[in-house]
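What follows is a set of notes on a single structure, which appears directly below.
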Protein chains: 2
Amino acid sequence: MKFQNNPRDPETALYTALWHACAGPLPTLPGAGQLVFYFPQGHLQQVEASSNQVIDPPRFNLPSNILCRVIHVQLRADPDTDELLAQLTLLPQPIQAQNGAEMELPTPPSPEFRLLSFSKTLTPSDTSIHGGFSVPKRHAHQCFPPLDMSMQNPKQELVAKDLHGNEWRFQHVLKGQPRRHLLIGGWRDFVVSKRLVVGDAFVFLRGENEELRVGVRRAMRPNGNATSSESSSDPPDVLANAWEAYTRTTLFTIYYKPRRCPTDFIVPFDRFMESVNMNYSIGMRFESKEALELEQKFTGSIVGIEDSDPIRWMDSKWRCLKVKWDQNETSTAHLPERVSPWQIEPDYM
Amino acid sequence: MKFQNNPRDPETALYTALWHACAGPLPTLPGAGQLVFYFPQGHLQQVEASSNQVIDPPRFNLPSNILCRVIHVQLRADPDTDELLAQLTLLPQPIQAQNGAEMELPTPPSPEFRLLSFSKTLTPSDTSIHGGFSVPKRHAHQCFPPLDMSMQNPKQELVAKDLHGNEWRFQHVLKGQPRRHLLIGGWRDFVVSKRLVVGDAFVFLRGENEELRVGVRRAMRPNGNATSSESSSDPPDVLANAWEAYTRTTLFTIYYKPRRCPTDFIVPFDRFMESVNMNYSIGMRFESKEALELEQKFTGSIVGIEDSDPIRWMDSKWRCLKVKWDQNETSTAHLPERVSPWQIEPDYM
DNA sequence: TTGTTGGCTAATGGCCGACAA
DNA sequence: TTGTCGGCCATTAGCCAACAA
């Protein structure tokens, strides 16, 4: 299950689809072959955040961004915690080639698979020890194999695999007054094993050949409170790898945990160039792009343009914009004070 | 709980003691200030084993061993799985200084703490849902606070912290016919939370001030079968760090999971020098040193002396000995075919 | 349509001493 | 001395439909 090779293989396609469904709509992950900019500054900050260490890195002369080609992407999930992990292998690109978007490799055609899926955020009733899981009607009709409606209490067993290939069995019944679809008998095991709590989401996929998959998308913890596992995959001296790779034009590897901290230190070439061409100025109004990894769009205005770390990373675009968010019915307290140009777009309203 | 600063602090001393008790008697871990040899080859092999990837590393010109000073040691435990992790920060030593053992820093005097401890491997009864935990009599007498024997059914509540500072409560009772010490009421929670199974060991410590600690030493899985969490802390291109640190004499960091794979790529200076001075030859009989991380000693004889990877790591002492183990009442099938000189000592029997 | 609740029953959690290795 | 077992409660897991939002 660990290596995804041929994307045309239905098994692999299902795995990838499930991984992305569990990761949520938020993170944009480049594919193998794509050109991206790597921001060591952002990478370091992620490592610091996840390891709670302040790192005074050696004085590498890394530029603030490095054009790289994505050589390989490996999507994984921790067998214990189901935490998602993307491993990106990057190859720095020669400087002189840095201004040709035409060198973009053709994205391998992603074959179309018939794929049905839904996800539902768990309610207190769903997670409570008391009952089962209530399946919204349209989801049951769209994604579940059809029930034998000739029975007066239709039921069937659903057998689905998770990202690790483990099998989970659920009784799918249609009963109650009024009628509703329920997952019982096995649901509890799933909740306990996956340690689901209110706010986490249940993810369900049905691929071709009636293959069923289940997964979990955990609630975003407001701001990385200490539940986070310590096993950060990146060592504190992570920049040494980048430096080595940069100077010798060799491969290096970075990790990305989509449900952990917002990552924007890998930026697709096109998106970056777009943001470079955008003329942002103080006072400009904007709205957040999906790269900010928010569930909804927010608007605000730019209040400053300056290096976020002028000493170590001069002239870096990374989080170079100080912003003020508009007040909103939902709280904007969790929104960052600094964003990168590629995380926003001008608000033409 | 994450940073251990002053080893004289009783809190810290208890933490360290508990960590080592959970790690088991097997691994030797150097302390801060010590000189060690670092074997990139062994490091790489551990990474390969734990990530199930074969890595074709860039062609660094790393020597097969690098003298380093241990700058910092940080002992941690994963909050989810309790997996132990030692993070070693190493500083490569200048070449010209490589032949002076006198440069060994004085090991900081490890203050003596009164410390009582025991561990017990769990039986089926201990882990079964049916009952509690049976405490061997001498351990209860040695390590538990004394019971009030005037009661005809003496009992007390033990409150103990684990490596993360979480509190666990147990009812310690003396009852049954014949009398025995039992841990009930709370024991089950502990077993479930820590996911203990038969063969795992319960670790108990009592420090000064009657401070109690509990921990877990998991059974060694025969040969890294796939239960292992994927989140290896070392990225595949881990050698880039070492190379960078080696050429520029800067710090680098390695990780060591004592319950995962046998590590011998960090070897204390003295032990290595000893093994260099040992004249081993084909046919020589030996017995295993504790560095082989075995529960007991085994004997065998040397059948070959050769580079284990003559192409990439010429003249490396790492696992340069091919050995044949003596037959034994216990199986020798799990013993490695290759060992390093510092893992064995001549058998003078 | 779907979240929550109280009720009911079956299952199991969990403590006990007997017994035996 | 200590591991395992059968017995025996008390607790809870888990399904159900009523009800309400």
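Residue numbers start from 1 in every chain, and the chains themselves are labelled A, B, ... in the order their sequence lines are given, proteins ahead of strands. All of these numbers come straight from a predicted model, not from anything done at the bench.
- Among the atoms of the strands shown, base atoms are found under 4.0 Å from some heavy atom of R179(A).
- When distances are taken from the side chain of I129(B) to each of dG14(D), dG14(C), dC19(D), the shortest belongs to dG14(C).
- Across the protein-nucleic acid pair, L183(A) atom CG and dC15(D) atom P stand 11 Å apart, rounded to whole Å.
- With sequence neighbours left out, D148(A) forms a side-chain hydrogen bond (donor to acceptor under 3.5 Å, both in side chains) with S150(A).
- Across the protein-nucleic acid pair, H181(B) atom NE2 and dG3(D) atom C1' stand 16 Å apart, rounded to whole Å.
- Mapping Q177(B) and D189(A) onto DNA chain D by nearest heavy atom places Q177(B) closer to the 5' end of the strand.
- Heavy-atom distances to DNA chain C give each of S134(A) and G176(B) a nearest nucleotide, and the one nearer the 5′ end belongs to S134(A).
- Aromatic ring centres of F144(B) and F204(B) lie closer together than 6.0 Å.
- As rounded to whole Å, 18 Å separates atom C1' of dG14(C) from atom CZ of F190(B).
- Taking atom NZ of residue K155(B) and atom P of nucleotide dC15(C), one finds them 10 Å apart after rounding to whole Å.
- Counting only heavy atoms from C-beta on, P178(A) has its side chain closest to dA20(D) among dA17(D), dG14(D), dA20(D).
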Just do the ring-ring contact (aromatic ring centres under 6.0 Å, His included) check on H181(A) and H141(A) with the steps written out, would you? CA-CA 9 Å; H181(A) 291 270; H141(A) 287 146; 5.2 Å; yes

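- Looking at heavy-atom distances under 4.0 Å, I184(A) makes contact with sugar-phosphate atoms alone, never a base.
- One atom, CH2 of W187(A), and another, P of dA13(D), lie 16 Å apart when rounded to the nearest Å.
- No side-chain N or O of S134(A) forms a donor-acceptor pair with one of R180(A) less than 3.5 Å apart.
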Between N or O atoms, less than 3.5 Å apart, protein on one side and nucleotides 7-9 of chain C on the other: list the pairs.
residue: dG7(C); atom: O6; partner: H130(A); partner atom: NE2; Å: 2.6

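- To the nearest angstrom, C1' of dG3(C) lies 8 Å from CG of D126(A).
- When E208(A), E11(A), E167(A) are each tested for a salt bridge (charged side-chain N to carboxylate O under 4.0 Å, His left out) with R213(A), only one passes: E11(A).
- Counted within 6.0 Å of NZ on K155(A), heavy atoms from surrounding residues, nucleotides or ligands total 12 or fewer; the atom is thus considered open.
- Among the protein residues, G185(B) comes within range of the sugar-phosphate backbone only, with heavy atoms under 4.0 Å from sugar or phosphate atoms but none that close to a base.
- For the pair R188(A) CZ and dT12(C) C1', the interatomic distance rounds to 16 Å; values are reported in whole Å.
- Within the nucleic acid shown, S125(A) comes within 4.0 Å of at least one base atom, counting heavy atoms only.
- Rounded to an integer number of Å, the gap from Q171(B) CD to dC15(C) P is 9 Å.
- The side chain of K120(B) places an N or O atom within less than 4.0 Å of a non-bridging phosphate oxygen (OP1 or OP2) of dG3(D).
- Put simply, the side chain of R180(B) and the base of dG3(D) share a donor and an acceptor less than 3.5 Å apart.
- Taking the six-membered ring where the residue is Trp, the centroids of F133(B) and F170(B) are separated by 6.0 Å or more.
- The shortest distance between the side-chain N/O atoms of T123(A) and the OP1/OP2 oxygens of dT2(C) is not below 4.0 Å.
- The two residues V203(A) and A21(A) have their closest heavy-atom pair at CG1-CB, 3.6 Å.
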